[in-house]
Amino acid sequence: LCLGNLFQGRLNRLEDAEQQYIAAQKFERRNPMLLANHARLLARLNRHDEASNKFRQVIELLNDREFRDRQSEYTNVRLQAHLWLLNFELAREALHELADAAGRGDANAFYLIREQVFECNRMGIGLRLAELMSKSSFADFLAPFIHALIAADSGAIESIDGVSAEARAMVMEVLNELDQDIKPN
């Protein structure tokens with residue numbers, strides 16, 4: 001799992017990452033994180049049907065009795081899988097859990113939101129996440145992420161004109177994480 005993550009996330013060696021995920025699944029068939037990482041990779045490779053099937057496996061596994069009592073450990077995975085599969089209400093519930101925890105000062109939940117922004121953007125569903133965030137009761141709290149996702153998609157820094165200086169700093173930080181080359185029109 002770690003080697004696949006290294007190949008996918010840091011080295012951008014996607015074919016090597018896939019081989020590692022396939023090999024790991026022979027030993028860890030019931031690992032939701034492993035399946036989700038593989039699904040994200042398949043999405044990045046534009047193998048959308050395979051990614052959807054993998055995300056369905058993730059959801060099925062998380063609904064299994066073994067994981068029901070540990071749902072909070074996998075809120076980020078539920079958010080991403082449901083968002084990919086267009087299960088917007090279930091994605092909204094997972095986003096609400098993360099944003100609520102982050103808003104109460106849970107640093108890990110805040111990190112997981114940032115991670116979802118990055119991962120969803122890489123998978124090509126960043127705007128879908130931005131829309132979900134903008135419709136949530138936490139839209140004000142999530143505004144810097146929303147603005148960053150929209151700017152990343154448009155490729156134009158002008159899309160954050162009018163954002164407060166405080167929020168703008170965070171938007172720019174998130175855009176740097178997204179490794180976007182945002183240029184003025």
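Since the model is a prediction, treat every value here as computed from it, not as a measurement.
Legend: residues meeting salt bridge (charged side-chain N to carboxylate O under 4.0 Å, His left out) with R30, ordered by chain and number and at least two apart, are D64, E66. Residues forming a ring-ring contact (aromatic ring centres under 6.0 Å, His included) with Y111 (at least two apart in sequence, or on another chain): none. For R92, the salt bridge (charged side-chain N to carboxylate O under 4.0 Å, His left out) partners are E89, not counting sequence neighbours. The ring-ring contact (aromatic ring centres under 6.0 Å, His included) check on F88 picks up nothing, with sequence neighbours excluded. When the side chain to side chain donor-acceptor pair (under 3.5 Å) test is applied to R104, the partners found at least two apart in sequence or on another chain are D100. E93 is linked by a salt bridge (charged side-chain N to carboxylate O under 4.0 Å, His left out) to nothing, counting only residues two or more places apart in sequence or in another chain. Scanning for side chain to side chain contact (heavy atoms under 4.5 Å, CB included) contacts around A99 gives I113, F138, L142, with sequence neighbours left out. Every residue two or more places apart in sequence or in another chain was checked for a side chain to side chain donor-acceptor pair (under 3.5 Å) with N108, and none qualifies. For E50, the salt bridge (charged side-chain N to carboxylate O under 4.0 Å, His left out) partners are R47, not counting sequence neighbours. Listed by chain and number, the residues in a side chain to side chain contact (heavy atoms under 4.5 Å, CB included) with Q57 are L35, K54 (sequence neighbours excluded). Residues passing the side chain to side chain contact (heavy atoms under 4.5 Å, CB included) test with A51 are L42, A43, W84, sequence neighbours excluded. Evaluation of the side chain to side chain contact (heavy atoms under 4.5 Å, CB included) rule for N63 yields I59 as partners, not counting sequence neighbours.
Side-chain contact between F141 and F110: present, with at least one pair of heavy atoms (C-beta onward) separated by less than 4.5 Å. Counting heavy atoms from C-beta on, the side chains of M133 and V117 come closer than 4.5 Å. Using a 4.5 Å heavy-atom cutoff, the side chains of C120 and R128 are not in contact. Side-chain contact between S52 and L85 is present, with at least one heavy-atom pair separated by less than 4.5 Å.
Using a 4.0 Å cut-off between charged side-chain N and carboxylate O, R56 and E60 make no salt bridge. With respect to E73 and R70, a salt bridge is recorded, a charged nitrogen being found less than 4.0 Å from a carboxylate O.
Nearest heavy atom pair, residue A109 against residue D106, reads N-OD1, 3.0 Å. Between I150 and A130 the shortest heavy-atom distance is CG1-CB, 4.4 Å. A152 approaches N121 most closely through the heavy-atom pair CB-OD1, 4.0 Å. Nearest heavy atoms, A91 versus L79: O-CD1, 3.3 Å. The nearest pair of heavy atoms linking A148 to V174 is CB-CG1, 3.5 Å.
Atoms CE and CG, from M123 and N46 in turn, are 11.5 Å apart once rounded to the nearest 0.5 Å. Annotation: the span from N76 atom CG to E97 atom CD amounts to 11.0 Å, rounded to 0.5 Å. Expressed to the nearest 0.5 Å, how far CG of L98 lies from OG of S136 amounts to 11.0 Å. With values rounded to the nearest 0.5 angstrom, L127 atom CG is found 12.5 Å from L132 atom CG. Between the CZ atom of F55 and the NE2 atom of H38 there is a distance of 11.0 Å, given to the nearest 0.5 Å. Note that the CG atom of L112 and the CG atom of L95 stand 12.0 Å from one another [nearest 0.5 Å].
Using a 4.5 Å cut-off between side-chain heavy atoms of Ile, Leu, Val, Met, Phe, Trp and Tyr, with links allowed through other members, L83 and L90 fall into different hydrophobic clusters.
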